[in-house]
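Below: the structure, in structure tokens.
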Amino acid sequence: MNAKDEMDAKDDRKIVAFLCNWCSYAGADLAGISRFQYPPNIRVVRVPCSGRVDPLFILIALKNADAVLTSGCHPGDCHYTSGNLVARRKFSLLKSLLDFVGVEPERVQFDWISAAEGNRFAARINTLTDQVSKLGVWDRWGSVVDD
Amino acid sequence: MTDTNTLSKIQEKARRLLEDGKVEVVIGFAAGTVPGKSTPSFISAKEDCESLVWDNGCSLNLAKYVLKEKRKAAIIVKGCDSRSLVNLITENQIKRENLYIIGAACPLSASCAGCQVKVPVIYDELIEDGSEIREVSTIAERRYDDVLEFEKLSAEERKAYVYGEVSKCIRCYACRNVCPACYCKECFAEKSLPQWIGKTTDIGDNLIFHLIRALHVAGRCVDCGSCQRACPMGVNLRLLNHKLLMEVGSLYQFEAGLKEDQILPLNTYQYDDPQPFLAKGGGHE
Amino acid sequence: MIYQIRKDDFLSWLKKQREGKKVLVPTRKEEGYLFLPWVGDELDLREYTNTLKPVKDVFFPQWETLIRYRVEKEKSGEIVEETSRTEPLILFGVRPCDAKSIKLLDNVFDGEKYKDPYYCQRRKNTLIISLGCRELGPTCFCQNIGINPLSSEGSDILLVEFEDRYLAQSGSDTGLEILEQAPFTPAESKEQKIFDELNGNPARLNEAEFRSLALNNMPDFNDSVWEKLYQKCLNCGICTYLCPTCHCFDISEMTLDSEGKRVRSWDSCMYSSFTLHGSGHNPRPTGKERIRQRIMHKFNYFPQNYGVIACVGCGRCVAECPVNFDVREALKLLGVWKDDLQL
Amino acid sequence: MTCSCESGHNHNQVNPYVPYRMKIKDVIIENPEKDLKTFILNFLNPEEEKSFTYIPGQFAEVSVFGVGEAPFGIASSPTEKGVVSFTVKKLGQVTSSLHMLEKGDVIGLRGPLGNSWPIEKLVNKNLVIISGGFAFTTLRSFLYYALDPENRKLFKNITVVYGARNPDQLLYKAELSEWSKRDDLDLKLTIDRGVEGWNGIVGFVPAVTEQVVKEASNTVALVCGPPVMIKFTIPVLKKIGFTPDDIYTSLEMKMKCGIGMCGRCNIGSKFVCKDGPVFSLKELEELPAEY
């Protein structure tokens, strides 16, 4: 891959964001309304709660994306009381397993972003995109359609 | 170690249960046809109890069979089988009262490294052989040497190793099918609507299968090692299980299948649970 | 006619073949022997009884692309047939049981009405040099079902180790052509005699005898014996995937956006999803029906359709089954195993 | 290598896995629930139509690219030139995606596959055609074929008993109403339970068959419907005097390759895809009841 292709590949990097309907998605919405700038690399999947996010979703997303962000309400603020607290345990294990098998920590990230944190959402996506663009090319689990 | 005394006590107990009509079937092991492998046996005639064995070949976790057993059954268990039964009871997959548990200390001569639960934790009758009975409530402090060694490698080396391991996988699902913690009616790996992963042995699909398999049994795995023994391709499955056993131990001070009143760690939460993923993921706070 | 070649000469000959062909040899790995491209100059056949994966893998790989396509809405799209990426291949060290298994698979993939182009092309491109078994492995049972461990059936060339030489017999015209040239030489009458003597311990039971047993003595489809058989089986796919004659497959898609490919991959009659209809109905809902299907397919349906038993006695299913489901024991229970033969 | 179909020869001979590309010409919604649709297809490359010669009763593998393939009985008749059609119930993965497609979309087609209704055996015979629900498809193909002016004289009396849960679930309603006017066809439509506006027969297919079919001599019955309908219709036919040799039915099984290789659709030693899908009752009685 030459330098130009690599640049293009970086611009092309896809980031999937699983955002909970009640907080983080509303936060993203607020970022939009408030006209906070953030890169267009992000593809948002709205989920009812961060507790809905199965680690499988994240691994599957990585078949076709360079990074995945999952974000829900801050602990204590879950619309369903404890969805994000149950999710937190799943995420902890997933994260440590991914680190263990050598996946760069930046590829899979989690956060809690409230409906009021439009600014922080935009900032988060900026940092994330920046981090991801600094990473090497993701092998998509070694799986490519062209074998 | 084949202890003839233990064996005859097991056989006697099985015979008595069948004779008294307490159970219709005894699930145990009989001699296998391959060296070092005893074979699961379903005994319903008391005369057949003599065919039961309790030896080095009894490594399979028999708890798996209780899931599909419709008859009133007795099961002969070692430490890890009994822990799987505890899990299945707490997960409402089986009813304790439908099952007669004959416990005996693990007969494997080369037992699993670090195993501290050789003697069953749950039983109706324990065949005593003088083994030390440990009162175990938590063994979360247990170290997994394979994990610690592996973590000394660089991320690239770790990734290369894991990719190499899963690329051996032929997707026979033996690891899943022997695992007593795997009892979904329809496994995500075989689901068609949606089809999460492909049916080929494409390395990515293999990898996702093994990572999710490990995560699905996290907090429930009793480290019986059946998955690894079953794998015909020698995939180092236990490494992933060990990592998660260690994590569950250190994050939630939990190890599965030790107490009947256990609450499985992924079915619950604490407000002040650690959030290591935030720091590692470059998050705030 | 028997030929011979010194082992050293054979090694050099095989090495030379690498110039135009890919040479696969049993290669020792941590998990067992596998057919892999020969690298290096030596063959490591210590403790080689058979490969972990059957040789079918070479002709009918675990998965492969059938077609590629590109489809966009409102556009015609295109379909590109996968040109089977085969190259001239030499397989060395195939055991006679596995060589026979390929002949069995020819019935399926190279049939009268339909031919599987991917399989057939690889078949045409491959030379099979088998290595007769002087000793049998612990779970081998070829002789009990009428297969000779020194048979050249299914091979182009059969080699049998004898002291510092290989005695060689052709199993095909291509094989014969090779044997008729240097460095192979016709064997003296002494070697002929040795070969015949080695071969004097052929199958303990004739294949036709076993086949008629399996066709005629198999218990009724609804016999209660099937209930006993399946209890310990956990319905994993080891026996089917490691079986040299199991050939069931699935066809599925792998796609990314508008590009995709249709792939086929091994499938197993042990899986409940194998026969599950879209409606939810399943003609083989439990382990009982699935074990029955596997045994009947090998020992009854296949011989009905193709006149030959679809088991070659390699013993992989016996050796690798995690619960020690032993097909020999099953056949005994079903009454289609000759009683005087020991397990 | 480009698809052999572009060079125009019959690629069944070359590579049985390469599908024809078909353009959806029309989609007909068959019932108010919209879970039954008939897809009328054209060959994208009209040249290929020549190599797709079929007989009523055969099936084909229809594929939605990116989703998968599924087998369906061909609902059109070889006498309908230029089109191949299938009636599909929305059930699983492939059928659901098929139902989302529209006119103009391109799908794949492999076939024709399997045997057919035993046309040669039916010549100069009275025919009784019995069907229920959406299993009518290949019998519609046969009927259309048999009613063709060229072919009608080959067969004697044709009686059709076709039933559905309610009038809405009857397929090909316009065609049925045309056929009901013909005097060379005795068409009996029935529904399971009476509803307002239905003046026809009410009753289950086996019972109606018993009332309508009186004669088994020189007659062959073609039966296709849900398993429960077949189960109760066969004793009725036997009672009337049909021998297992004169009763034919078409079976359904999960299939993948359609050419007898992939191993999942067998009943005993027979493959439904290759040896079927049409079997005489006599053949079926010799096979284990595993379907």
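Labels below follow one simple rule: chain letters A, B, ... track the order of the sequence lines, proteins then strands, and each chain is numbered from 1. In this text, all values refer to a predicted model and were calculated from it rather than measured experimentally.
With a 4.5 angstrom heavy-atom cutoff, D/M255 does not touch chain C via any of its atoms. Residue C/Q293 touches chain D through its side chain alone, counting heavy-atom pairs closer than 4.5 Å. For C/F109, the parts lying under 4.5 angstrom from a heavy atom of chain D are both the backbone and the side chain. With a threshold of 4.5 angstrom between heavy atoms, D/V94 does not approach chain C through any atom at all. Only the backbone of C/S273 comes within contact range of chain D, with heavy atoms under 4.5 Å apart. With a 4.5 Å cut-off on non-hydrogen atoms, C/S252 does not touch chain D at all. Heavy atoms of D/F65 lying under 4.5 Å from chain C belong to its backbone as well as its side chain. With a 4.5 angstrom heavy-atom cutoff, D/K89 does not touch chain C via any of its atoms. Contact of C/I67 with chain D is made through the side chain alone, with heavy-atom distances under 4.5 Å. With a 4.5 Å cut-off on non-hydrogen atoms, C/D116 touches chain D through its backbone and its side chain both.
Of residues 302-312 of chain C, those residues with a non-hydrogen atom less than 4.5 Å from any non-hydrogen atom of chain D are, in numerical order, C/Q304, C/N305, C/Y306.
Ranked by heavy-atom pairs shorter than 4.5 Å toward chain C, the options D/G92, D/C262, D/G68 are led by D/C262.
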